[in-house]
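Notes follow once the structure below has been shown.
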Amino acid sequence: MTNILSYIKRISHNGHKGSSRLAFIPVFFVIITLMSCSISYKFNGASINYNETKTIQIADFPIRSSYVWGPMASIFNNQLKDIYANHTRLIQVKRNGDLKVEGEITRYEQRNKAVSSEGYSAQTELSMTVNVRFTNNANHTEDFERQFTATSTYETTQTLNSVQEELVTQMVKEITDQIFNATVANW
């Protein structure tokens with residue numbers, strides 16, 4: 001900033017009286033604008049008042065779906081806890097949290113999405129739905145119960161066993177991002 005001001009002073013004292021004063025006006029406004037701007041970003045996406053909210057209680061979500069893939073619950077529960085651990089300063093507690101996130105995996109299913117010209121299934125859509133109950137003990141107007149869903153598609157030339165882990169991981173990431181945004185990001 002000091003270099004810019006000294007440069008402007010040199011220009012105005014060099015004898016180019018008419019052109020230097022015209023050049024000075026836009027530079028002056030740019031400097032004033034830069035000095036007066038104050039931009040604040042939260043790169044973690046969370047908007048939490050840490051003076052009021054210090055802890056979060058995240059219950060393990062059981063699977064209540066009729067169709068089950070064994071590792072799905074642990075993948076989901078670990079990802080949900082990780083997103084809060086990595087993107088907030090909230091301390092995770094077993095009970096009496098300032099925030100409470102609980103629920104269950106209510107649906108995990110697949111269905112035909114596209115049919116080939118021969119009349120066979122060409123694509124299959126896998127979907128996962130999670131029911132979430134959120135309690136904010138500092139501000140109960142933010143409490144809710146809501147369902148979050150994610151889908152993923154795979155070609156029927158592939159077997160579900162060969163793509164299931166990858167697709168479930170993608171859907172879990174999408175759902176946990178939705179839950180995080182709904183609970184602490186205030187989007």
Side-chain angles (χ1 to χ4, degrees), residues 41-48 50 53-137 142-187:
Y41 290 104
K42 292 181 183 178
F43 291 107
N44 64 10
S47 59
I48 300 169
Y50 288 101
T53 308
K54 296 177 176 25
T55 61
I56 187 167
Q57 175 184 342
I58 304 172
D60 282 340
F61 283 52
I63 300 174
R64 300 276 189 253
S65 171
S66 57
Y67 181 69
V68 175
W69 181 59
M72 182 172 56
S74 62
I75 291 171
F76 177 82
N77 290 315
N78 290 334
Q79 175 66 25
L80 186 62
K81 291 172 184 172
D82 286 350
I83 196 169
Y84 287 95
N86 294 335
H87 297 291
T88 71
R89 297 188 323 234
L90 295 171
I91 299 164
Q92 294 187 23
V93 295
K94 295 282 185 198
R95 64 182 141 247
N96 300 325
D98 297 324
L99 303 178
K100 185 176 181 182
V101 180
E102 60 186 341
E104 50 279 332
I105 300 168
T106 58
R107 197 178 86 211
Y108 179 64
E109 61 189 13
Q110 60 181 340
R111 66 179 185 88
N112 290 336
K113 183 168 179 162
V115 179
S116 69
S117 59
E118 293 86 30
Y120 297 106
S121 175
Q123 287 186 329
T124 302
E125 181 179 78
L126 194 61
S127 68
M128 179 178 178
T129 300
V130 176
N131 187 59
V132 175
R133 290 176 298 283
F134 173 71
T135 306
N136 182 340
N137 289 313
E142 295 182 359
D143 295 358
F144 65 80
E145 182 168 357
R146 191 180 313 164
Q147 292 192 344
F148 298 90
T149 300
T151 60
S152 206
T153 304
Y154 66 97
E155 300 296 322
T156 54
T157 56
Q158 301 172 299
T159 65
L160 178 59
N161 287 338
S162 68
V163 296
Q164 190 162 219
E165 183 175 357
E166 178 186 345
L167 298 179
V168 167
T169 302
Q170 289 171 5
M171 290 186 298
V172 163
K173 168 107 176 67
E174 185 178 331
I175 290 173
T176 56
D177 285 347
Q178 292 173 28
I179 294 168
F180 181 84
N181 288 336
T183 56
V184 298
N186 293 333
W187 289 102

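Along the sequence shown, residues carry numbers from 1.
Here E125 pairs with R111 under the side chain to side chain donor-acceptor pair (under 3.5 Å) rule; sequence neighbours left out. Residues satisfying the salt bridge (charged side-chain N to carboxylate O under 4.0 Å, His left out) criterion with R64, sequence neighbours excluded, are absent altogether. In this structure, S66 has no side-chain contact (heavy atoms from CB on, under 4.5 Å) partners at least two apart in sequence or on a different chain. Residues satisfying the salt bridge (charged side-chain N to carboxylate O under 4.0 Å, His left out) criterion with R95, sequence neighbours excluded, are absent altogether. With sequence neighbours left out, A85 forms a side-chain contact (heavy atoms from CB on, under 4.5 Å) with Q92. Every residue meeting the side-chain contact (heavy atoms from CB on, under 4.5 Å) condition with N131, not counting sequence neighbours, appears here in chain and number order: E104, T106, R133, E145, Q147. When the salt bridge (charged side-chain N to carboxylate O under 4.0 Å, His left out) test is applied to D82, no partner is found at least two apart in sequence or on another chain. Take Q178 and apply the side-chain contact (heavy atoms from CB on, under 4.5 Å) test, not counting sequence neighbours, and it matches F148, E174.
Once rounded to the nearest 0.5 Å, the distance linking CG of L126 with OG1 of T153 reads 9.0 Å. Taking CG from D60 and CG from N78, the interatomic distance works out to 8.0 Å, rounded to the nearest 0.5 Å. Summarising the geometry, atom NZ belonging to K113 is positioned 9.5 Å from atom OG belonging to S152; distances are rounded to the nearest 0.5 Å. One distance of note links OG1 of T169 with CD of Q164; it measures 10.0 Å at 0.5 Å rounding. Separation of atoms CD (Q123) and CD (Q158) is listed at 10.0 Å; rounding is to 0.5 Å. Put simply, CD1 on I56 and CZ on R89 are 14.0 Å apart, with the number rounded to the nearest 0.5 Å.
Checked by atom type and distance alone, the side chain of T135 never pairs as donor or acceptor with a backbone atom of N137 at under 3.5 Å. One N or O on the side chain of T176 and one on the backbone of V172 form a donor-acceptor pair closer than 3.5 Å. Of the possible donor and acceptor atoms, none in the side chain of S65 sits under 3.5 Å from a partner among the backbone N and O of V68.
Other residues, nucleotides and ligands place more than 12 heavy atoms under 6.0 Å from the CD atom of E109.
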Show me, pair by pair, the donor-acceptor contacts under 3.5 angstrom made by side chains of residues 96-103, not counting sequence neighbours?
{"residue": "D98", "atom": "OD2", "partner": "K54", "partner atom": "N", "Å": "2.7"}
{"residue": "D98", "atom": "OD2", "partner": "T55", "partner atom": "N", "Å": "3.1"}
{"residue": "D98", "atom": "OD2", "partner": "T55", "partner atom": "OG1", "Å": "3.3"}

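Nearest heavy atom pair, residue Y154 against residue Q110, reads OH-OE1, 2.6 Å. Heavy-atom minimum distance, M72 versus V168: CG-CG1, 4.0 Å. A pairwise comparison of heavy atoms in S74 and P71 identifies OG-O, 3.1 Å as the closest pair. Across all their heavy atoms, D143 and N136 have their closest contact at OD1-N, 2.7 Å. Contact record, N77 with A59: OD1-O, 4.2 Å, taken as the closest heavy-atom pair.
Counting only heavy atoms from C-beta outward, the side chains of L80 and F180 never approach each other to under 4.5 Å. Side-chain contact between I179 and F134 is absent, with no heavy-atom pair separated by less than 4.5 Å. At a threshold of 4.5 Å between non-hydrogen side-chain atoms, the residues D177 and I83 count as touching.
Applying the ring pair (Phe, Tyr, Trp, His ring centres under 6.0 Å) definition to pairs two or more places apart or across chains, none involves residues 157-177. Listed by first then second residue, pairs satisfying salt bridge (Lys or Arg N to Asp or Glu O under 4.0 Å) with a partner in residues 150-161 number zero, not counting sequence neighbours. Each ring pair (Phe, Tyr, Trp, His ring centres under 6.0 Å) pair with one or both residues in residues 59-82, not counting sequence neighbours, appears once here: F61-F76, Y67-Y108.
Exactly one residue among T149, L167, I105 makes a side chain to side chain contact (heavy atoms under 4.5 Å, CB included) with M128. That residue is I105.
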